[in-house]
Amino acid sequence: MNQDEALSNLNDYNEILQSEVYVDLERLRILARHGIPNELRGEVWKYLLGVQQADRSKELTNSKARKEDYEQIDKIDPDVARRIRGEVARFQRRAPFLDGLHYLGRFENIIIAYLNTNRDAEYHPALISLCAPFVFVLEKEWDAYYCFERLMLTLEEEVDLNEWSTSWLQHILSKEMQFEDLVQLWDAYFAIPYFLDLHPFVCLAILLNARENLEDLEQSEIRTMLLRLPYMDIQRTLAEAYNLRHESMERQLSEDGEFL
């Protein structure tokens, strides 16, 4: 979008977020499906993920309670901390804007807090890439933690990791997609209910767009490209994913009708 459109979009967000009584979540979701301004992404994500309540009268109380609850969580596990440091160092090589001890400490605290709170969860290197957008986007560590926890609980409830075979599906492209593209994709995901229903069609749209390039590559080159996706037009990809899902639903209805 051009400068005037970007300013108008920013004003629309500010009008919603600065409401004195109640944040209009439905309007916020509609806007977020088309992207969130960088400077407001963290604040918007908190509302979209249900970490921050729409009722502004409870905002300060809820924020204070989140901070106090987070401070009480055990964040010590030397073995997991060592594994996190190793994986973060590898991740930072492809995301240098997350370099530094400040970010490393946040990765350690958030992931260990999550594992210590959710005892059924086990450490996996993919937790780094799933946590990274929240570490980068959210100013307060406790807000990053609660947003990360909301996402992980959604994945655990909706995704059978024994049945879903690829990293693209298991980790919602957090390991493969360019970071700038990933946060734009998650803008749209967090704005819609049951975003995991759309995700396979996003993956399919990416493959269809890359098909011609993939046909010219050797097997090893194909694997490399699919593990490190190039930059892409996220709004176009989402539009194509919606079209693919619509076509799939129409085919299903047609096939069901044939058996009636």
Side-chain angles (χ1 to χ4, degrees), residues 36-49 51-52 59-60 62-156 167 170-187 189-190 224 227-231:
I36 302 171
N38 293 335
E39 59 267 42
L40 297 178
R41 179 169 285 119
E43 192 69 18
V44 174
W45 278 12
K46 285 190 291 182
Y47 285 107
L48 297 180
L49 288 166
V51 171
Q52 186 72 279
E59 185 171 309
L60 291 177
N62 290 338
S63 181
K64 182 180 178 182
R66 285 199 304 274
K67 179 183 177 183
E68 292 175 349
D69 289 345
Y70 178 69
E71 289 174 346
Q72 297 301 313
I73 299 174
D74 178 18
K75 306 176 187 67
I76 299 175
D77 189 322
D79 180 58
V80 172
R82 176 182 54 79
R83 298 165 72 182
I84 290 172
R85 286 194 292 271
E87 189 61 33
V88 168
R90 286 185 284 273
F91 183 84
Q92 287 172 333
R93 286 197 285 271
R94 68 183 181 93
F97 43 83
L98 280 169
D99 196 8
L101 293 176
H102 166 67
Y103 286 121
L104 175 59
R106 295 184 75 181
F107 274 111
E108 287 187 28
N109 289 339
I110 291 169
I111 292 173
I112 292 174
Y114 169 72
L115 294 174
N116 285 342
T117 302
N118 300 272
R119 293 294 183 177
D120 292 336
E122 297 181 358
Y123 175 77
H124 189 285
L127 291 175
I128 306 303
S129 56
L130 287 165
C131 182
F134 302 113
V135 168
F136 183 69
V137 166
L138 277 299
E139 180 182 352
K140 302 289 192 298
E141 184 177 301
W142 54 89
D143 285 334
Y145 166 76
Y146 285 109
C147 286
F148 172 67
E149 184 181 50
R150 287 296 179 101
L151 174 64
M152 293 307 300
L153 293 175
T154 299
L155 293 178
E156 289 172 8
S167 174
Q170 290 178 359
H171 308 129
I172 51 176
L173 294 167
S174 63
K175 296 175 66 178
E176 297 81 14
M177 187 171 274
Q178 298 291 333
F179 192 84
E180 295 87 340
D181 289 344
L182 179 67
V183 294
Q184 291 183 53
L185 178 67
W186 285 11
D187 287 346
Y189 277 7
F190 297 161
T224 298
L227 289 175
R228 288 289 180 270
L229 293 169
Y231 285 99

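When a residue number appears, it is its place in the shown sequence, counting from 1.
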Quiz item: At what distance, to the nearest 0.5 angstrom, does CD of E71 lie from NZ of K67?
Solution: 5.5 Å
Quiz item: Which atom pair, heavy atoms only, marks the closest approach of S174 to R94?
Solution: O-NH2, 3.6 Å
Quiz item: Just checking, any donor-acceptor pair under 3.5 angstrom between side chains of N38 and R41?
Solution: yes
Quiz item: So, do Y123 and I84 sit near enough that their side-chain heavy atoms are less than 4.5 Å apart?
Solution: yes
Self-check item: Residues Y145 and E141: side-chain donor-acceptor under 3.5 angstrom
Solution: no
Exercise. Assess whether side chain to side chain contact (heavy atoms under 4.5 Å, CB included) is satisfied between M152 and L127, documenting all intermediate values.
Key: CA-CA 9 Å; M152 293 307 300; L127 291 175; 3.6 Å; yes
Quiz item: Looking only at heavy atoms, which two atoms of W142 and S63 are closest? And how far apart?
Solution: NE1-O, 4.1 Å
Practice problem: Indicate the atoms forming the closest heavy-atom contact of P230 with Q178, along with that distance. | Solution: C-CG, 3.9 Å
Quiz item: Distance from L130 atom CG to I110 atom CD1, nearest 0.5 Å?
Solution: 12.5 Å
Quiz item: What is the minimum heavy-atom distance between V135 and Y103, and which atoms define it?
Solution: CG1-CD2, 3.4 Å
Quiz item: Hey, what do you get for OH (Y231) to CE (M177), rounding to the nearest 0.5 Å?
Solution: 12.0 Å
Quiz item: Please walk me through it: do T224 and R228 pass side chain to side chain contact (heavy atoms under 4.5 Å, CB included)?
Solution: CA-CA 6 Å; T224 298; R228 288 289 180 270; 5.5 Å; no
Quiz item: Would the number of heavy atoms belonging to other residues, nucleotides or ligands and lying under 6.0 Å from CD1 of I76 be above 12?
Solution: no
Quiz prompt | Heavy-atom side-chain contact between I111 and I128 under 4.5 Å | solution = yes
Quiz item: If you look at every heavy atom in L115 and E122, which pair is closest and at what distance?
Solution: CD2-C, 3.8 Å
Quiz item: Within 45° of the ring axis of Y70 and under 6.0 Å from its six-membered ring centre, is that where the NZ or CZ of K75 lies?
Solution: yes
Exercise. Supply the atom-to-atom distance L101 CG to R85 CZ, rounded to the nearest 0.5 angstrom.
Key: 10.5 Å
Quiz item: Considering residues at least two apart in sequence or located in another chain, which fulfil the ring-ring contact (aromatic ring centres under 6.0 Å, His included) criterion with F179?
Solution: F97, F136
Quiz prompt | V51 backbone acceptor or donor facing R66 side chain under 3.5 Å | solution = yes
Self-check item: Verdict with supporting geometry, L49 and Y146, side chain to side chain contact (heavy atoms under 4.5 Å, CB included)
Solution: CA-CA 9 Å; L49 288 166; Y146 285 109; over 6 Å; no
Quiz item: Roughly how far, to the nearest 0.5 Å, is CZ of R83 from CG of D77?
Solution: 9.0 Å
Quiz item: Under the 3.5 angstrom rule, does the side chain of T117 hit a backbone N or O of A113 as a donor-acceptor pair?
Solution: yes
Quiz item: Is there side-chain contact between I172 and L182, with heavy atoms separated by less than 4.5 Å?
Solution: no
Self-check item: Note, K46 side chain near L138 side chain (heavy atom, < 4.5 Å)
Solution: yes
Self-check item: Rounded distance (nearest 0.5 Å) linking atom CG of D181 with atom CG of L173
Solution: 10.0 Å
Practice problem: Go through F190 and T154 one step at a time and tell me if the side chain to side chain contact (heavy atoms under 4.5 Å, CB included) criterion holds. | Solution: CA-CA 11 Å; F190 297 161; T154 299; over 6 Å; no
Quiz item: What is the ring orientation for F134 with F148, classed by angle as parallel under 30°, tilted 30 to 60°, or perpendicular over 60°?
Solution: perpendicular
Quiz prompt | Any donor-acceptor pair under 3.5 Å from Q92 side chain to L98 backbone | solution = yes
Self-check item: R82/D79 ion pair, N-O < 4.0 Å
Solution: yes
Self-check item: Side chain D187, main chain I36, donor-acceptor under 3.5 Å
Solution: yes
